[in-house]
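Keep in mind that this is a model prediction, so the values were computed, not measured. One-based numbering, in listed order, for ligands and for the atoms of each. Residue indices begin at 1 and follow the sequence shown.
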Amino acid sequence: MSDEVFYLTTPIYYPTADPHIGHAYTTIAGDFIARFRRLQGRRVHYLTGTDEHGQNIQRRAQQRGQTPREFLDAILPKWKAVWDALDISYDDFIRTTEPRHEQAVAAFVQALHDTGDVYLGTYRGLYCLGCEAFKTPDELVDGRCPLHDLVPEEVEEDNYFFRLSRYRERLIELYETTDIVQPEARRNEVLGKVRQGLEDLSISRVSFDWGVPVPWDPKHVIYVWVDALLNYVTAIGYGTDPARFDAVWPADLHLIGKDILWFHTVIWPAMLMALDLPLPRRVFAHGYLLVRGEKMSKTRLTSISPHELVDAFGSDACRYYFMRDIPFGGDSSFSWEALRDRYNTDLANDLGNLVSRVLNMAERYLDGIVPEPPRRDEIGASEDELRATFHAAVADMTAGIDTIAPHEALRAAWRFVRKANAYVEEVAPWTLARDPGERRHLEVVLYVLLDSLRLIALTLHPAMPRSTREIWRRLGYTDGLEAPNLPDHGRWDLLPAGAEVTKGPPLFPRHEAT
Ligand code: MSP
């Protein structure tokens with residue numbers, strides 16, 4: 001067990017509108033990984049937050065006749081409420097308008113200036129407000145930015161520039177010699193682009209003032225993306241708590257969407273290189289969640305609130321569906337039908353039925369009392385096989401998480417659920433129950449099944465924290481559950497004999513098509 005903190009981040013979201021399931025997708029994935037690492041006994045720091053500066057926020061507020069702060073304070077509770085509804089276990093939530101962040105951003109940019117990597121120049125270009133970034137003509141389609149379907153604005157102003165071009169060779173070497181950018185296709189994409197050339201980056205604006213002032217020239221505000229990327233270090237004490245910063249940085253994993261690859265794999269490492277700071281270990285870019293074949297968008301009315309899904313299916317089922325059904329990496333479509341199918345097949349049938357059957361039999365045949373665990377000589381080939389399946393599932397789940405493939409991790413966990421179902425059929429406890437001579441055999445089989453439920457709940461806990469706790473409650477199992485973990489609890493025969501089992505209502509009642 002390592003004492004080193006596993007530091008994991010989501011992008012910080014623009015709170016210009018309400019959160020939708022595209023945002024939830026990234027945050028659920030981060031939560032699944034964070035909880036799995038905790039389950040392994042690791043110390044974890046899971047960070048999320050909101051990106052609150054920039055022209056876009058200022059304009060939205062103006063349109064509503066509010067100050068940016070009023071606008072933000074009104075919308076922020078909605079973001080936090082969504083993460084609560086989805087049981088997101090973040091350890092910190094950073095807002096870029098907090099003093100701890102603003103101070104540290106000013107300190108970072110001052111340090112960048114002190115290295116000689118910042119100079120004053122003039123920028124002429126096309127600025128997309130949706131991306132909060134300048135666009136080159138070849139990035140536009142019919143004069144519009146395809147990412148946000150907006151016509152960029154022509155801008156000409158004096159800006160400070162960061163000598164990004166200086167870092168081209170070092171960046172190329174980084175992509176060629178490390179696995180920092182994943183998946184592979186994204187690494188090749190960014191490598192190809194950087195090979196084509198790298199221009200210096202404009203890092204300040206004078207046309208509006210909703211941002212962190214440039215310390216040596218406060219009529220400029222710091223470019224929102226430089227400000228935003230720094231959240232990953234300011235949140236853990238850069239510029240305010242050096243000892244903490246040294247203990248937590250570098251990040252083990254930045255989870256991002258593919259639209260913000262350039263910022264995270266070119267600009268961010270170069271900023272860190274400029275100050276000789278360690279680089280994040282891994283940046284993983286996932287694809288889009290599509291609705292009716294398109295990236296979800298408020299303006300196209302394809303935006304879906306996570307609350308709608310949670311209200312219909314519960315948070316665990318939504319988390320499970322996103323992690324199991326939408327492979328990480330490429331684009332994938334969301335559909336209500338797929339969610340319902342996944343729910344009915346995996347949760348109502350495979351898992352829900354197993355839990356009901358086993359608890360039912362425990363009530364019926366054992367008066368709801370957990371029997372003595374089997375002695376070594378009471379374990380047969382079928383039990384051995386079931387036990388081995390659990391250990392293999394944990395190993396494969398771990399490999400799935402290590403390679404940022406949540407769907408593989410859950411697929412592996414499900415092999416154990418299926419195996420437990422097959423074991424029920426094979427040993428047919430209802431036939432043993434008819435024969436008084438088989439009493440101890442029946443107890444052994446039901447103990448193995450009850451203990452399997454405990455272990456199934458352990459493997460599924462990172463994906464479904466609520467129902468797995470409910471399974472433990474029904475098993476009368478309370479030991480160490482504040483911090484369930486594999487090293488302590490991932491062994492057989494830990495369910496205490498004599499505990500009282502309760503059947504309870506179906507965990508996942510079937511959903512019929514409406
Ligand atoms: N504020 C910046 C990120 C700064 S990180 C230092 C930003 N915010 S965003 O709210 O527009 O997007 C945040 C993340 O949500 C991005 O990774 C983006 O890819 C993701 N998604 C937004 N819509 C999405 C889908 N439809 N599907 C999957 N992810 C989506 O960019």
Could you name the option among I260, L230, L261 that has the heavy atom nearest to atom 16 (C) of ligand 1?
I260
Cut-off 3.5 Å, side chains only: do W268 and H254 have a donor facing an acceptor?
yes
For the CZ atom of R186 and the CD atom of E189, what is their distance to the nearest 0.5 Å?
5.0 Å
Does an N or O from I12, backbone or side chain, lie closer than 3.5 Å to an N or O of ligand 1?
yes
By number and element, which atoms of ligand 1 are closer than 4.0 Å to a non-hydrogen atom of Y288?
27 (N), 28 (C)
Is there a polar contact, in the sense of an N or O pair closer than 3.5 Å, between D51 and ligand 1?
yes
Should the pair D18-K78 be classified as a salt bridge under the 4.0 Å nitrogen-to-oxygen rule?
yes
State if W225 counts as touching ligand 1 under the rule of any non-hydrogen atom under 4.0 Å.
yes
Check ion pair R195-E176 (N to O, under 4.0 angstrom):
yes
Close approach of E132 to ligand 1, heavy atoms, under 4.0 angstrom:
no
Under 4.0 Å from ligand 1, counting heavy atoms only, is it the side chain of L289, its backbone, both or neither?
both
Any N or O on G257 sitting closer than 3.5 Å to an N or O of ligand 1?
yes
Can a cation-pi geometry be assigned to R37 and F6, taking NZ or CZ under 6.0 Å from the six-membered ring centre and within 45° of the ring axis?
yes
Identify whether the distance between the nearest side-chain nitrogen and carboxylate oxygen of E173 and R170 falls below 4.0 Å.
no
D396 with R411: basic N within carboxylate O range, under 4.0 Å:
no
Taking the ring centre of each residue, are W216 and Y160 less than 6.0 Å apart?
yes
State the atoms of ligand 1, each with its element, that fall below the 4.0 Å cut-off from a heavy-atom position in A228.
6 (C)
Which residue holds the protein heavy atom closest to atom 6 (C) of ligand 1, what is that atom called, and what is the gap in Å?
Y232 OH, 3.5 Å
Apply the test salt bridge (Lys or Arg N to Asp or Glu O under 4.0 Å) to residues D91 and R38: give CA-CA distance (whole Å), side-chain angles for both, the deciding distance (0.1 Å), then the verdict.
CA-CA 12 Å; D91 296 287; R38 291 190 197 111; 3.1 Å; yes
Atom 20 (C) of ligand 1: nearest protein contact (heavy atom, Å)
T26 OG1, 4.4 Å
Contact atoms of ligand 1, heavy-atom distance to P11 under 4.0 Å
5 (S), 14 (C), 17 (O)
Tell me which protein heavy atom sits closest to atom 14 (C) of ligand 1, plus the residue, atom name and distance to 0.1 Å.
Y13 CE2, 3.7 Å
Nearest-contact summary for atom 8 (N) of ligand 1 - protein heavy atom, Å:
Y14 CD1, 3.3 Å
Audit row: N349, R510, side chain to side chain donor-acceptor pair (under 3.5 Å) steps and yes/no
CA-CA 8 Å; N349 288 359; R510 273 190 77 80; 3.1 Å; yes
Would you say D209's side chain and V221's backbone share a donor-acceptor pair under 3.5 angstrom?
no
At a 4.0 Å cut-off, with the gap strictly under it, does some heavy atom of G287 reach an atom of ligand 1?
yes
How far is atom 19 (O) of ligand 1 from its nearest protein heavy atom, and which residue and atom is that?
D259 OD1, 2.6 Å
So is W268 close enough to ligand 1, meaning a heavy atom under 4.0 angstrom away?
no
Would you indicate which of E294, H23, H286, H20 comes nearest to atom 29 (N) of ligand 1 when only heavy atoms are counted?
H286
